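For clarity, every value in this text was computed on a predicted model and none was experimentally measured.
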Amino acid sequence: MSGNETASAGQDEPADSDARTALEQDPQGQQLLSRLLHVDFRAGARDSIGILLGLIPFALVFGIAADGAGLSILQTVAMSAGIFAGTAQLVMVELMATNAGLAIIVLTGLVINLRMLMYSASIAPHFTEYGKRTRAYLAYFLTDHVYAVSIGEYADESRDRNKRLYYLGLGVSIWLVWVITTVIGYVLGAGIPASLNLQFAIPLVFLAILVPAIDAYPQLVAALTSALVAIAAALAVSQTGLPEGADLLIAAGVGIGAGVAAEEVMGR
């Protein structure tokens with residue numbers, strides 16, 4: 001080996017050694033890497049692929065709607081990354097576009113996400129071994145899809161899953177794609193001429209979500225009641241001094257009540 005080659009090898013070797021030493025001296029980094037490479041985390045990420053096929057168009061529509069409502073790209077990203085609740089985000093953006101009051105927007109988002117309380121109560125027994133801090137960040141990733149797929153996986157007792165890592169594999173994958181696709185939708189929306197009004201896409205998205213979800217009588221009652229009340233409340237808002245967006249809040253509340261009442265009646 002020549003002197004230059006020896007010097008070059010001597011220069012490269014410490015760099016590699018320094019990198020390995022830095023990783024060895026960072027136990028948190030090692031721990032994070034081992035979790036990302038864990039078979040159950042990867043299984044959750046793999047099982048999210050089918051969900052993402054339907055999620056991407058939804059995220060694109062939200063990004064376009066956010067641009068149409070006058071939100072900045074930073075506000076849009078903050079909303080997707082912070083709230084991480086697609087249906088609530090779409091409704092809240094629609095309310096913003098109609099200049100609804102802050103209280104109406106927040107209350108409507110909370111009412112729409114009330115179902116998360118039921119999801120949380122249902123999935124919580126699978127995470128009792130973890131502390132409050134861990135359960136808190138797991139709750140952040142709770143969505144309809146993450147709940148449904150995780151519960152289905154946990155029901156199969158033949159699989160010895162690390163439930164937390166499987167859940168995170170699902171949640172983190174969906175979160176990343178949701179946020180990234182939101183940005184893409186926003187950029188696309190910014191390039192669409194104002195003459196092409198794409199607001200009609202939002203009701204179509206909601207219909208695509210709603211129709212497959214109606215598979216029982218109480219759900220049908222809740223959907224029909226909400227629709228009828230929404231029409232009546234919208235007329236009331238336009239002709240009275242009710243704040244913008246109150247019609248959606250009223251319709252959601254009455255629809256939930258009707259669905260619960262129908263379920264009680266059927267349960268007797």
Side-chain angles (χ1 to χ4, degrees), residues 44-102 104-113 115-116 119 137 139-149 167-213 226 230 244-245 247-249 251-252:
R46 183 181 62 247
D47 288 349
S48 73
I49 294 174
I51 298 169
L52 298 178
L53 295 177
L55 184 76
I56 288 173
F58 194 7
L60 289 172
V61 169
F62 169 72
I64 293 170
D67 172 67
L71 272 67
S72 70
I73 190 166
L74 288 179
Q75 290 171 326
T76 303
V77 171
M79 198 172 182
S80 277
I83 299 175
F84 189 38
T87 305
Q89 287 178 224
L90 265 178
V91 173
M92 292 168 76
V93 161
E94 279 292 282
L95 291 174
M96 290 176 192
T98 61
N99 296 317
L102 179 62
I104 292 292
I105 294 171
V106 173
L107 281 173
T108 303
L110 289 174
V111 168
I112 292 171
N113 281 332
R115 68 192 187 283
M116 296 300 160
Y119 294 167
Y137 74 71
Y140 170 75
F141 290 105
L142 183 62
T143 66
D144 298 292
H145 297 106
V146 172
Y147 168 78
V149 176
Y167 177 97
L168 286 174
L170 274 169
V172 171
S173 300
I174 292 172
W175 182 87
L176 283 172
V177 173
W178 173 256
V179 174
I180 291 170
T181 313
T182 290
V183 174
I184 296 172
Y186 186 94
V187 173
L188 290 175
I192 295 174
S195 58
L196 293 177
N197 189 348
L198 297 181
Q199 295 302 307
F200 71 89
I202 296 177
L204 292 179
V205 168
F206 282 129
L207 283 174
I209 296 170
L210 175 65
V211 173
S226 295
E244 289 289 340
D247 50 337
L248 287 177
L249 184 58

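For the pair Y140 (side chain) and F84 (backbone), a donor-acceptor distance under 3.5 Å is absent. With hydrogens and angles ignored, the 3.5 Å screen pairs a side-chain donor or acceptor of Q89 with a backbone N or O of A85.
Here the CG-CG distance, from L107 to L102, works out to 9.0 Å after rounding to the nearest 0.5 Å. Taking CG from L52 and CG from D47, the interatomic distance works out to 11.0 Å, rounded to the nearest 0.5 Å. To the nearest 0.5 Å, the span separating CE on M96 from CD on Q75 amounts to 8.0 Å. How far CH2 of W175 is from CD1 of I180: 8.5 Å, rounded to the nearest 0.5 Å. Here the CG atom belonging to L53 is positioned 8.0 Å from the CD1 atom belonging to I49, to the nearest 0.5 angstrom.
In this structure, Y119 and Y147 have parallel ring planes: the angle between them is below the 30° cut-off, well short of the 60° mark. Aromatic ring pairs are classed by plane angle as parallel below 30°, tilted from 30° to 60° and perpendicular above 60°; the pair W178 and F62 is parallel.
Residues satisfying the salt bridge (Lys or Arg N to Asp or Glu O under 4.0 Å) test with R46, not counting sequence neighbours, are none. With sequence neighbours excluded, the residues satisfying side-chain hydrogen bond (donor to acceptor under 3.5 Å, both in side chains) with T182 are S80.
Within the 4.5 Å cutoff, the side chain of F141 has no heavy atoms near those of the L170 side chain. At least one side-chain heavy atom of D144 sits less than 4.5 Å from a side-chain heavy atom of R115.
Among the candidates T181, L60, D67, the single residue satisfying the side chain to side chain contact (heavy atoms under 4.5 Å, CB included) test with Y186 is D67.
Closest approach of I64 to G185, counting heavy atoms only: CG1-O, 3.3 Å. Heavy atoms only, all atoms of each residue included: S173 and S48 are closest at CB-OG, 3.4 Å. Here the closest non-hydrogen pair linking T98 and L95 is OG1-O, 2.8 Å. Of all heavy-atom pairs spanning A66 and T76, the tightest one is CB-OG1, 3.5 Å. Annotation for M116 and T143: closest pair CE-CA, 4.1 Å, computed over non-hydrogen atoms. The two residues A65 and V93 have their closest heavy-atom pair at O-CG1, 3.4 Å.
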